[in-house]
Each structure stands twice: as structure tokens, then as C-alpha cells.
There are 2 protein chains.
Amino acid sequence: MDGPSDHDDFADRLQRHGVTLTHQRLEIAAVLFRTMEHLSADQILARVNARNAQVSKATVYNTLKLFLEKGLLREVIVDPDRVFYDPNVAPHHHLYDVTTGHLTDIPAEAITLARLPQLPDGMVVEGVDIVIRTRPLNPP
Amino acid sequence: MDGPSDHDDFADRLQRHGVTLTHQRLEIAAVLFRTMEHLSADQILARVNARNAQVSKATVYNTLKLFLEKGLLREVIVDPDRVFYDPNVAPHHHLYDVTTGHLTDIPAEAITLARLPQLPDGMVVEGVDIVIRTRPLNPP
DNA sequence: ATGCAATATTAGACATGATCCAAATGCGCG
DNA sequence: CGCGCATTTGGATCATGTCTAATATTGCAT
């Protein structure tokens, strides 16, 4: 299914973003960019070490921070308990299932902001995060 | 400055929302509803106990959870480290200063969603949270 | 008023996610 | 080949937030 070229793609992507390659970073990149799911640090750690433990917790956190700085990832803050990392850095928004904690993307075009509010002086927009919190219809 | 009627207002508000009154709950309500700021649990604890410690950490958390259930407060999840509690439960959105961590309200009318995306079957919208992350213009 | 059951409060132990640190490892490059 | 800097690591540490079992308070019926 996934040939060796997957890894090469990830390696390219890291390098293009100025990240020097290491075995661990490639593993983490593979977990994130293969499925494009929204994962927490814990989940990433678990997946990387699914077979035998090879990457430490500290490295996962270091690497995620690095990837964030280099613009390879976005943080998604919707759960008070943990941060999700979003491998999709294109502008888009999120559907958040409150009951299951599952996150789904909403294409940026699916929502239009009619107008933006006035910003305080000297401030610029870093990003607009829209989260639509959903739950099953039935019992509250 | 603030007469004793403030406290009575808060008491009324709690009771109208089905919250039985206690000394501690009134203190917490006073802190939240007097300034209408966005505060974290820690900040609320600190303010309530500004003079002498009277309310425990556990009670602050219990009370905040209760106020949430009763619709007296909203949670604002923008900071990975802590939850902010918003005494303004009317529909509105937020400006979040990434550098200082300061939260400001945006009136709901200041933003219009042109259209909402299709929701999965049987799911309903619980709320729409829009956060505009801002930072000073100058150096990144 | 008085007693009693239900509700609220509390201190401190605990759980969890995330960070820090100092030591060890590995890598690039002369 | 080896030096130096970047990276990784285990474990300690931290901060929020939750839990528990004991105590205090409250409302209510009598």
C-alpha cells in the first residue's frame, strides 16, 4: 500500500521547512501526515511506539513544538485537557463533536465572515479559529 | 461605590437559575459578575480570597461547574493551559491577544456567518465559537 | 425551636498533560 | 577520524483540575 516514497515525501516536506532530519522526526511526521488526523501528543506518542518504544515523550513534545514553529502543524484548542495537532495548515475550520471529542475539518470556503470587527490599534490578525460544537440530537 | 444591592442582584440571578445560595457561591458570583472579566479558576480563587482565605479550591471548581450547568457562565477554551470563564452568556465571540493572553468580547453582530456547513446526520449545533487571534504588528 | 436528612464545603491526596533538566547520544563537517 | 553542536532521553517537576472521605451547613418537618 504505502511504498517507501511516503517517507521520502515527508522528508522533503520537513527539509523544505528547514527542519533537519532525524529518525524520530520522520517517525512523528509519518504518523501525522500519513493519516492527516487530528491527534494529541499522547496519541502521537502511542502510535509512534506502537511496536516497540523508540521515541521518548520529551522528543515528541520537542518535535511538535518545532513543527509548529516551522509551520508544519497547527494547534487546535478545543478540549480543556489536551491540545490537538492539525497536519492541515491550509486555512480551514473545525467541527467538534462534544460527546466523542472527535474533530473534523470544515473547508474555509464553507463559512464566510461577513465582516470583521475593528481591531485595537497596532494589532493584526494572526488567525481566525471557528469551532462549531456539535452533539447528537437526542438526549441532552 | 458599590452598594449592598450588588450582592442582592447576584443572589437573585443565582436563584433565578436554580442555584441554592451559599456564602461561597455569592462570593464567587460577585467576583465574576462585578467586573465581567474573563477569569481562570486560579484567578477567581485568588480574588475571592484576596483578604483572608475563606473559600477552598475544591469549592471554586465545584461552583464553576455548577454555574456552567445552570447557564450562568460559559467556558472559553483558547489557552492550552487553562479554561477561562465568561460571565457573559449572550451569544458573542472573542478577540484573543496571543502575546498577553487577554480576552475581549466581540458582539455577535460584528460577525456574520454566510452559511453553515452540512452537519453529519442527527447532529445539532451546540454552539459556534469564533476566536480571532491577534498580536502586535511589529516583530514576529 | 429541634432533629434529621440532604446538600455543600473542605483539606489534602491524586491524576494528567506538559515542561524542564542534566546526561548521553548522534551527526555534520573539517 | 574526531570535535562540537544539535538532538534525544528518563525522570523529576510543575500546573490544572479532579476525587475522596470527613465535616459543616442548610432546609424542612414536626
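In the text below, chain A, chain B and the rest are named by the order of the sequence lines, each starting its count at 1.
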Trainee: Where the side chain of A:Ala58 is concerned, which of D:dG10, C:dA18, C:dA13 is the nearest nucleotide?
Mentor: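 For the A:Ala58 side chain, the nearest candidate turns out to be D:dG10.
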Trainee: Does OP1 or OP2 of D:dT7 have a side-chain N or O of A:Thr20 closer than 4.0 Å?
Mentor: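 Checking A:Thr20 against D:dT7: at least one side-chain N or O falls below 4.0 Å of OP1 or OP2.
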Trainee: Rounded to the nearest angstrom, tell me the gap between atom CD1 in B:Ile28 and atom C1' in C:dA8.
Mentor: 11 Å
Trainee: Does NZ or CZ of A:Arg74 fall inside the cone over A:Tyr85's six-membered ring, less than 6.0 Å from its centre and within 45° of the axis?
Mentor: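 So A:Arg74 doesn't make the cation-pi contact.
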Trainee: Do A:Asp97 and A:Thr99 have side-chain atoms, one donor and one acceptor, less than 3.5 Å apart?
Mentor: yes
Trainee: Checking side-chain polar atoms at under 3.5 Å, does B:His38 have a donor or acceptor matched by the opposite partner on B:Asp105?
Mentor: yes
Trainee: What is the distance, to the nearest angstrom, from the CD atom on A:Glu27 to the P atom on D:dT8?
Mentor: 11 Å
Trainee: Please compare A:Asn62 and A:Ser40 by the position of their nearest nucleotide in DNA chain C and report the one closer to 5'.
Mentor: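 Nearest nucleotide further toward 5': that of A:Ser40.
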Trainee: Among the nucleotides C:dT9, D:dG17, D:dT9, which one has an atom lying closest to any side-chain atom of B:Thr63?
Mentor: C:dT9
Trainee: From the list C:dA8, C:dT10, D:dT16, which nucleotide is the closest neighbour of the side chain of B:Gln24?
Mentor: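 In terms of side-chain proximity for B:Gln24, the closest of C:dA8, C:dT10, D:dT16 is C:dT10.
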Trainee: Compare the minimum distances between each of D:dT9, C:dT19, C:dT9 and the side chain of A:Ser56, then state the nucleotide with the smallest one.
Mentor: D:dT9
Trainee: Where the side chain of B:Thr59 is defined as all heavy atoms beyond and including C-beta, which of C:dA18, C:dT10, D:dT8 is the nearest nucleotide?
Mentor: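 Selected nucleotide (nearest to the side chain): C:dT10.
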Trainee: Using a distance-only test with no angle check, is there a side-chain donor-acceptor pair under 3.5 angstrom linking A:His94 and A:Asp129?
Mentor: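 No pair is found: no donor N or O on one side chain lies under 3.5 Å from an acceptor on the other.
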Trainee: For B:Lys65 and D:dG17, what is the distance between atoms NZ and C1' respectively, to the nearest whole Å?
Mentor: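 These atoms are roughly 11 Å apart.
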Trainee: Can you work out whether B:Asp42 or B:Leu21 has the more 5'-proximal nearest nucleotide on DNA chain D?
Mentor: B:Asp42
Trainee: For C:dA18 and A:Arg82 - does any side-chain N or O of the residue sit under 4.0 Å from the phosphate oxygens OP1/OP2?
Mentor: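 Result: no.
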Trainee: Please state how far atom CG in B:Leu26 lies from atom P in D:dT25, giving the value in whole angstrom units.
Mentor: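 In whole Å, D:dT25 P and B:Leu26 CG are 16 Å from each other.
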Trainee: Give a yes-or-no answer on whether the side chains of B:Arg25 and B:Thr20 include a donor-acceptor pair shorter than 3.5 Å.
Mentor: yes
Trainee: In whole angstrom, give the distance that lies between atom CG of A:Leu45 and atom P of D:dG10.
Mentor: 10 Å
Trainee: Any idea which of C:dA18, C:dA8, D:dT18 is nearest the B:Tyr61 side chain?
Mentor: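 Per side-chain heavy atoms of B:Tyr61, the pick is D:dT18.
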Trainee: Which comes earlier along DNA chain C counting from the 5' end, the contact point of B:His23 or that of B:Lys57, where each point is its nearest nucleotide?
Mentor: B:His23
Trainee: On the nucleotide C:dG26, are OP1 or OP2 found under 4.0 Å from the side-chain N or O atoms that A:Thr22 carries?
Mentor: no
Trainee: Rounding to an integer number of Å, can you tell me how far B:Leu39 CG sits from D:dT16 P?
Mentor: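 Value for this atom pair: 14 Å.
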